[in-house]
2 protein chains.
Amino acid sequence: MNDVAAAAGVALKTVSRVVNDEPGVNAATALRVKAAIDRLGYRRNDGARTLRRGRTASIGLVIEDAADVFYSSLSRAVEETALHHGCLLFTGSSQEDAARERDLVLAFCARRVDGLIIVPAGTDHTYLAPEFEAGTRAVFADRPPGAGCEADVVLSDNAGGARAGAAHLIAHGHRRIAFLGDLPRIFTAAERLRGYREALAAAGLPYDEGLVAMGPADPARLRADLARLLRAADPPTALLTGNGRTTVETLRALASITGSATGAFVEGVRPGLGGLALVGFDDFELADLLGVTVVAQDPARLGRTAADLLFLRLAGDDGPVTRFELPTRLIPRGSGERPPPPRRDHP
Amino acid sequence: MNDVAAAAGVALKTVSRVVNDEPGVNAATALRVKAAIDRLGYRRNDGARTLRRGRTASIGLVIEDAADVFYSSLSRAVEETALHHGCLLFTGSSQEDAARERDLVLAFCARRVDGLIIVPAGTDHTYLAPEFEAGTRAVFADRPPGAGCEADVVLSDNAGGARAGAAHLIAHGHRRIAFLGDLPRIFTAAERLRGYREALAAAGLPYDEGLVAMGPADPARLRADLARLLRAADPPTALLTGNGRTTVETLRALASITGSATGAFVEGVRPGLGGLALVGFDDFELADLLGVTVVAQDPARLGRTAADLLFLRLAGDDGPVTRFELPTRLIPRGSGERPPPPRRDHP
DNA sequence: GTGAAAGCGCTAACAC
DNA sequence: GTGTTAGCGCTTTCAC
C-alpha cells in the first residue's frame with residue numbers, strides 16, 4: 001500500500017480509501033491510484049485488515065467427518081450461508097474424537113473466527129468458556145454442548161423420529177423389533193434409542209435388551225450382531241437402524257447373511273432382507289430405488305438453521321440461549337410396510 | 001500480551017517466548033508468566049502472528065460442491081494432510097461457476113493463504129498470475145488449469161478409465177453402446193468421451209453421435225435422453241455413464257422408464273435395467289449390492305496427492321510443473337458383464 | 001478532498 | 001536470561 005501510494009504520488013490513506021471504495025476521493029486521484037494498483041499488482045492483505053478492524057469475517061465449522069454425506073450436506077449449507085454474509089469458512093473433522101474437536105475449535109479461536117458451528121464429539125466444553133468470555137459466539141448443531149456450556153443448539157427430533165419409525169413397524173403388526181444403533185455415548189444414538197423404547201412402551205410391548213445392538217457402524221460388528229439376533233430363539237421380524245451408515249451396512253450384512261447374491265438389483269435375484277421389515281433412520285442415496293422406508297432428517301436445513309442463528313448472534317442478537325428441534329419425516333417405501341411372517345406357534 | 005507482561009512483571013518479549021515455547025527462559029519466570037496467562041485468560045492472536053511471520057499456515061480449497069460425495073472425499077483427504085502440516089483449511093464450493101471460483105480463490109488469496117488446491121470450474125486462470133507472482137502456490141485437482149496458467153495438476157486417468165469401461169462392454173459382445181456424459185465443457189466429461197471413442201475405434205466400431213447424450217446429471221434430462229435412445233430404431237444394448245451422479249440418476253430413470261416398481265431390491269421384483277448392460281464411471285454407495293459394474297476413481301487419493309504436492313512446493317520444491325495421472329480401476333459386479341440380447345435379424 | 005500519526009497483536013533482530 | 005525497538009499491512013482518528 002505504501003508502494004502504491006508512492007507510485008501514485010499520494011498518501012497511504014488515500015490508497016486505503018480507494019481500495020475500500022470510501023467516499024471523498026477525487027475521481028482523478030482515484031484513477032491514478034487504481035492505475036498504480038494495477039501496475040504494481042497490489043492486492044489488499046485481508047489478514048492485516050482484520051487485525052485492525054477486530055472482525056475476521058470468518059467462521060469455523062467442526063463436524064464429525066467431511067466425507068460423510070450427512071455432514072457434507074450440513075457443511076455445504078453452512079458454507080452457503082457464510083458466503084452470503086461475506087464470511088469465509090474454516091472446516092475441520094473431529095473424527096468423533098473429543099481432543100481433536102477441542103484442538104480444532106481452539107485453533108479456529110486463535111485465528112479469531114467471529115463464530116463457530118460445532119458438531120460436538122466430546123461432552124465437556126468448559127474449554128470454551130474463555131472464548132465465550134472474549135466474545136466468540138458458538139452454535140452447536142446435531143448434538144447439544146456438554147453440561148456447563150450455555151450455547152444455542154439446533155437438533156433433529158431424534159427421539160420423535162425413532163419413535164415414529166418404531167411405531168410404524170408396530171402399526172404393521174411387528175412385535176419383535178430390533179434396534180441397531182450407534183455408540184450409546186453419542187447423543188443422537190441415545191436419543192433414538194429412547195424414542196424406540198418410548199414407542200414400545202406406548203404400544204404396551206416389552207423392552208428386550210437382547211433386541212438392541214449399539215456400536216460403531218462397522219461392517220464386521222453389524223454382521224456379528226445381526227447373525228446373533230437372527231439366530232435367537234425368538235428373532236426379530238423387523239429392524240430399526242439408527243443412522244445412514246448403519247442402514248447401508250445392515251443391508252450389506254443381510255445380503256451376506258441371507259446368502260442372497262449381490263447384484264440382486266441388476267440380476268433380479270430375490271435379495272437381501274430375508275423376510276425382515278426395515279426402517280432406517282436417515283435417508284440415503286438410492287433408498288428410493290431400493291424401497292427402503294426411512295425416517296429422514298434434513299442435514300442441509302440443520303446447517304442452514306445453525307448458520308442463520310450464528311449470524312443473528314454476530315449481528316448483535318443477545319436473546320436467551322435457544323434450542324431448535326427440527327422435525328423428521330417418515331418416508332414409506334416398502335421395506336417398512338411388510339407384515340411379519342405368520343407365527344408358527346399360532347397357525 | 002502486554003497485559004500478561006505487566007501482570008507477570010516481565011517484558012512483552014518474555015511472554016512471547018513462553019507462549020511459543022522458545023528456549024532461554026528461566027523456569028520460574030516461565031511459571032509466573034503462565035500463571036498470568038491463565039489468570040487473565042490470555043489466548044494468542046494467530047492473525048497478528050501470521051501477519052508478522054509472513055506465513056498464514058492456512059490453505060484454501062475450492063471444489064465444485066462440498067455436498068457431492070466425490071468432492072467431499074477429496075476434501076476430507078486434503079483436510080487431513082493440511083492438519084498434519086499444522087495448516088488450517090478454508091473451503092468453498094464453486095458450483096461449477098467460473099466467476100464464483102475466481103471470487104473464492106481471490107478471497108483466499110486476500111487472506112494470504114500459503115497455497116491453494118483448486119478444482120477449476122472456469123478455463124481462464126490468468127487471474128491467478130499476480131498471485132503466483134506474489135508467491136502463492138496452487139495445485140489443480142481433478143481438472144487442469146486453463147491455458148496460459150502453469151501449475152501442478154493431479155488428475156484421474158479419465159480417458160483410460162472410460163476406454164476400459166467401453167472395452168469391457170465390447171468384450172462382452174456389445175456393439176451398440178450409449179454414452180451418457182456430463183456437460184462437454186467439463187474437462188473430465190470431454191476426456192471420458194474421448195476414451196469411449198477410442199475404445200470404439202480400437203474395436204473397429206463406428207462412432208454414432210446418436211448414441212451419445214451429454215448434459216447435466218439432471219433427472220428430467222436423463223429420462224428424456226434415455227427414452228430417446230431406447231425408442232430408436234437400433235437402440236443401444238449397453239450404457240456407459242459418465243460420472244457417479246449420472247449413474248445413479250440413470251438407474252432411477254431406467255426404473256421409471258421400464259416401469260419396474262421402485263422397491264425392487266426389497267420386494268424382489270425384477271428391476272430396472274430392462275435388459276441393458278451398464279458400466280458406470282465412479283464407484284458409488286451400494287453399487288456393490290446393486291451389482292453395478294464401475295470404473296472407480298479414488299477421490300481421496302486425488303486429494304491426498306494434490307495436498308502432498310502442494311506442501312512439497314510450500315517446503316521449497318521448485319522443480320518443473322508436474323502432471324500426475326492416477327489410474328482408475330474397473331470393478332466387475334454383474335451389470336457390465338451381461339451379454340447383449342440375441343439379435344432378431346440374425347436369429 | 002487529503003494526509004499524518006497512532007496502533008491492532010504479534011515476532012525478528014539485536015542489545016544488555 | 002531478559003528487554004528494547006522496529007515493523008508486518010492495514011484502519012481509525014483527527015488535523016489540515
Side-chain angles (χ1 to χ4, degrees), chain A residues 1-34 36-37 40-58 86 106-114 130-131 134-136, chain B residues 1-34 36-37 40-58 86 106-114 130-131 134-136:
Chain A
M1 204 171 245
N2 234 323
D3 299 350
V4 174
V10 296
L12 189 78
K13 176 65 217 182
T14 303
V15 179
S16 172
R17 286 202 179 91
V18 172
V19 166
N20 294 302
D21 288 318
E22 278 175 39
V25 179
N26 187 311
T29 321
L31 231 59
R32 224 167 60 241
V33 170
K34 274 178 187 154
I37 285 176
L40 277 76
Y42 167 80
R43 303 125 55 247
R44 179 176 70 193
N45 183 328
D46 277 357
R49 176 168 214 249
T50 60
L51 174 60
R52 186 61 241 238
R53 302 192 79 187
R55 277 211 169 183
T56 58
S58 62
L106 291 181
F108 292 160
C109 288
R111 300 296 176 105
R112 295 295 187 272
V113 292
D114 297 329
E131 312 301 333
T136 309
Chain B
M1 205 171 244
N2 233 324
D3 298 351
V4 174
V10 297
L12 190 77
K13 178 66 213 181
T14 303
V15 179
S16 172
R17 285 203 178 91
V18 172
V19 166
N20 294 302
D21 289 317
E22 278 174 41
V25 178
N26 186 311
T29 321
L31 231 58
R32 225 166 60 240
V33 170
K34 275 179 186 152
I37 285 176
L40 278 75
Y42 167 81
R43 304 125 53 247
R44 179 175 70 192
N45 183 329
D46 276 356
R49 176 170 214 250
T50 60
L51 174 61
R52 184 62 241 239
R53 302 193 75 187
R55 279 212 168 183
T56 57
S58 62
L106 290 180
F108 292 160
C109 288
R111 299 296 175 106
R112 295 293 188 273
V113 292
D114 297 330
E131 311 302 333
T136 308

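Computed from a predicted model, the values in this text were never measured in an experiment. Just so we're on the same page: letters track the sequence lines, and every chain starts at 1.
- Picking from dG3(C), dT12(D), dT2(D) the nucleotide with the shortest atom distance to the side chain of Ala11(A) gives dG3(C).
- A donor-acceptor pair shorter than 3.5 Å cannot be found between the side chains of Asn45(B) and Arg111(A).
- The CG-C1' distance, from Leu12(A) to dA4(C), rounds to 10 Å in whole Å.
- Under 3.5 Å, the side chain of Arg17(A) and the base of dG3(C) form at least one donor-acceptor pair of N or O atoms.
- Rounded to an integer number of Å, the gap from CG of Leu40(A) to P of dG9(D) is 14 Å.
- Nucleotide dG1(C) holds its P atom 16 Å from the CG atom of Leu31(A), rounded to whole Å.
- Of the possible polar contacts, none joining the Asp114(B) side chain to the Arg55(B) backbone as a donor-acceptor pair under 3.5 Å is found.
- Remark: side-chain polar atoms of Arg32(A) are paired, donor with acceptor, to backbone N or O of Ala8(A) under 3.5 angstrom.
- Among dC8(D), dT2(D), dA12(C), the nucleotide with an atom closest to any side-chain atom of Thr29(B) is dT2(D).
- Among dA12(C), dC10(C), dG9(D), the nucleotide with an atom closest to any side-chain atom of Leu51(A) is dG9(D).
- Counting to the nearest Å, the P atom of dG1(C) and the CG atom of Asp21(A) are 16 Å from each other.
- Atom CZ in Arg32(A) sits roughly 14 Å away from atom C1' in dG3(C) (whole-Å rounding).
- The base of dG9(C) is not paired with the side chain of Arg49(B) by any donor and acceptor separated by under 3.5 Å.
- In this structure, Val10(A) reaches the sugar-phosphate backbone alone: every heavy-atom distance under 4.0 Å involves primed, P, OP1 or OP2 atoms, never a base.
- As a whole-Å value, the separation of Asn2(A) CG from dG9(D) C1' is 9 Å.
- As a whole-Å value, the separation of Asn45(B) CG from dC10(D) C1' is 14 Å.
- Rounded to whole angstrom, the span from the CD atom of Glu22(A) across to the C1' atom of dT11(D) amounts to 8 Å.
- Comparing dT12(D), dC10(C), dA12(C) by their nearest atom to the side chain of Lys13(B) picks out dA12(C).
- In this structure, Arg44(B) CZ and Leu106(A) CG are separated by 12.0 Å, a value rounded to the nearest 0.5 Å.
- OP1 and OP2 of dG7(D) both lie 4.0 Å or more from every side-chain N or O belonging to Arg52(B).
- Between Ser16(A) and dC10(D) there is no side-chain polar atom (N or O) within less than 4.0 angstrom of OP1 or OP2.
- Residue Met1(A) has its side chain nearest to dC10(D) when only dT2(D), dC10(D), dT4(D) are considered.
- With rounding to the nearest 0.5 Å, the separation of CE in Met1(B) from CZ in Arg43(B) is 12.5 Å.
- With hydrogens and angles disregarded, no donor-acceptor distance shorter than 3.5 Å links the side chain of Arg52(A) to the backbone of Arg49(A).
- With distances taken from any side-chain atom of Asn20(B) to the nucleotides dT11(C), dC10(D), dG1(D), the minimum falls on dT11(C).
- For Asn26(A), taking side-chain heavy atoms from C-beta onward, the closest of the listed nucleotides dG1(C), dG9(D), dG3(D) is dG1(C).
- For dG1(D), the OP1/OP2 oxygens have no side-chain nitrogen or oxygen of Thr14(B) closer than 4.0 Å.
- Over its full length, the helix from dG1(C)-dC16(D) to dC16(C)-dG1(D) turns its helical axis through 40°, comparing axes from the five pairs at each end and rounding to 10°.
- The side chain to side chain contact (heavy atoms under 4.5 Å, CB included) test with Val4(A) is passed by exactly one of Val18(A), Val19(A), Val33(A): Val33(A).
- For the residue pair Thr136(B) and Val113(B), the shortest heavy atom distance occurs at CG2-O, 4.0 Å.
- With the nearest nucleotide of DNA chain D identified for both Ala48(A) and Gly24(B), Gly24(B) has the one nearer the 5' end.
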